[in-house]
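Take a look at the structure below.
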Amino acid sequence: MRARIQVLSTITTVVITMTVFAASSASANGGAYVEFDGTHHLPGEMVTATVYVAIPKSKMGLLDRGPFYAYVLPPGTAIDAERGLPAGAIGVGTWTVEQEKQQTELTVTFTVPETEGDYYSFGLCNDPCTVNGFGEPVSGVLSVVATAREAALLGDVGRLHSQLAGLKRDIRKQAKGADQQIASASAAVEASEAARRTLTEQVSALEGRVRAADAAVEDASRPFADPWFAAAAAVGLVALVFVFVGRRRDRDAAGRDDVVPERG
């Protein structure tokens with residue numbers, strides 16, 4: 001059981017190492033990545049490798065410097081056109097070059113060398129090694145395993161990693177969708193609150209107008225003066241008339257007394 005756990009742990013570590021190495025290699029070189037017709041290979045197995053390169057017009061002359069050979073390189077190494085092949089490089093075949101309209105296809109079929117299980121670099125160079133690419137380096141990673149069982153386990157681990165990556169991607173999408181729904185709901189709540197405030201202000205304004213209209217109607221229907229006040233005013237007016245008439249009579253009487261009758 002311990003041995004099985006150790007093997008699985010080793011396989012997982014190797015898969016992660018290969019993934020990191022492949023990603024870093026491709027991003028660092030910015031070149032054309034070699035693809036194989038399988039994932040994990042046994043020593044002595046026949047494998048076909050393919051790579052597509054877009055060759056700039058200024059680099060088309062490099063094709064005349066072939067033939068170009070495929071090399072299995074020690075893990076973590078690469079072909080440097082200035083320094084040549086790294087130590088331990090194993091030539092496994094010759095690349096076939098086929099021109100297409102917008103790109104060039106290179107293929108090679110080779111036998112996996114008798115090496116220990118590991119992830120080996122894979123590259124291209126001419127002889128002497130002065131061209132390792134055509135405007136961009138050609139590179140890849142060849143997975144060599146000791147047994148078919150190891151290859152199957154590695155395949156299972158790879159599929160699990162792919163499923164895990166898919167689940168993480170789905171979770172991110174769902175989380176993003178949930179965030180968008182929350183943002184949309186918050187916006188709807190804010191819009192509803194703003195509409196409520198507006199309606200409240202409109203209702204308050206209408207109530208104020210209604211109160212003003214009621215006050216105006218009440219003022220218009222109210223009598224000009226209170227009846228008792230009117231009666232008192234009438235009495236006062238009559239009294240003023242009597243006073244005025246009395247004074248007028250007194251003046252008239254006084255005027256008659258002052259007149260001296262003429263004697264004959």
Side-chain angles (χ1 to χ4, degrees), residues 5-40 50-56 75-76 78 100-105 119 121-122 133 135-141 143 151-226:
I5 294 175
Q6 185 175 2
V7 168
L8 289 176
S9 177
T10 303
I11 290 174
T12 303
T13 303
V14 171
V15 168
I16 296 173
T17 303
M18 181 206 70
T19 304
V20 173
F21 173 76
S24 62
S25 175
S27 61
N29 294 335
Y33 194 73
V34 179
E35 296 181 353
F36 301 94
D37 60 350
T39 306
H40 308 286
T50 305
V51 63
Y52 294 92
V53 293
I55 305 177
E100 296 185 2
K101 291 183 178 180
Q102 298 181 351
Q103 59 185 0
T104 301
E105 180 187 53
Y119 290 92
S121 301
F122 198 83
E136 53 184 0
V138 173
S139 62
V141 176
S143 173
L153 290 174
L154 285 172
D156 292 340
V157 171
R159 282 187 292 272
L160 289 174
H161 277 287
S162 298
Q163 292 176 4
L164 179 60
L167 289 174
K168 289 181 178 180
R169 184 167 55 250
D170 292 340
I171 290 173
R172 286 194 297 269
K173 288 182 179 179
Q174 292 178 1
K176 184 177 180 181
D179 291 340
Q180 291 176 349
Q181 291 179 356
I182 292 173
S184 178
S186 298
V189 170
E190 291 178 1
S192 298
E193 181 64 21
R196 186 192 65 78
R197 289 195 298 268
T198 301
L199 288 175
T200 301
E201 293 173 357
Q202 292 176 353
V203 169
S204 298
L206 288 174
E207 289 177 347
R209 293 173 62 182
V210 169
R211 286 194 296 270
D214 290 342
V217 171
E218 184 178 354
D219 291 341
S221 62
R222 183 180 300 170
F224 177 74
D226 187 79

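Heads up: numbering here begins at 1 and tracks the sequence.
- Considering CD of Gln174 and CZ of Arg169, their distance stands at 12.0 Å, rounded to 0.5 Å.
- Here the straight-line distance linking atom CG of Asp179 with atom OG of Ser184 works out to 12.5 Å at 0.5 Å rounding.
- The only option from Glu136, Glu105, Gln103 that meets the side-chain contact (heavy atoms from CB on, under 4.5 Å) definition with Val53 turns out to be Glu136.
- Across all non-hydrogen atoms, the minimal contact from Ser143 to Thr39 is CB-O, 3.3 Å.
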Practice item. Evaluate the salt bridge (Lys or Arg N to Asp or Glu O under 4.0 Å) criterion for residues Glu193 and Arg197: first the C-alpha distance (whole Å), next the side-chain angles of each, then the deciding distance (0.1 Å), finally the verdict. Key: CA-CA 6 Å; Glu193 181 64 21; Arg197 289 195 298 268; 3.8 Å; yes
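- Checking Leu164, Asp170, Ile171 one by one against Lys168, the side-chain contact (heavy atoms from CB on, under 4.5 Å) holds for a single residue, Leu164.
- Rounding to the nearest 0.5 Å places CD of Glu35 at 13.0 Å from CZ of Phe122.
- Gly76 approaches Ser121 most closely through the heavy-atom pair N-OG, 3.6 Å.
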Review point. Where do Tyr119 and His40 land on the side-chain contact (heavy atoms from CB on, under 4.5 Å) test, with the steps shown first?
Key: CA-CA 9 Å; Tyr119 290 92; His40 308 286; 3.6 Å; yes
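- Side chains of Tyr33 and Val138 form no contact here, defined as non-hydrogen atoms less than 4.5 Å apart.
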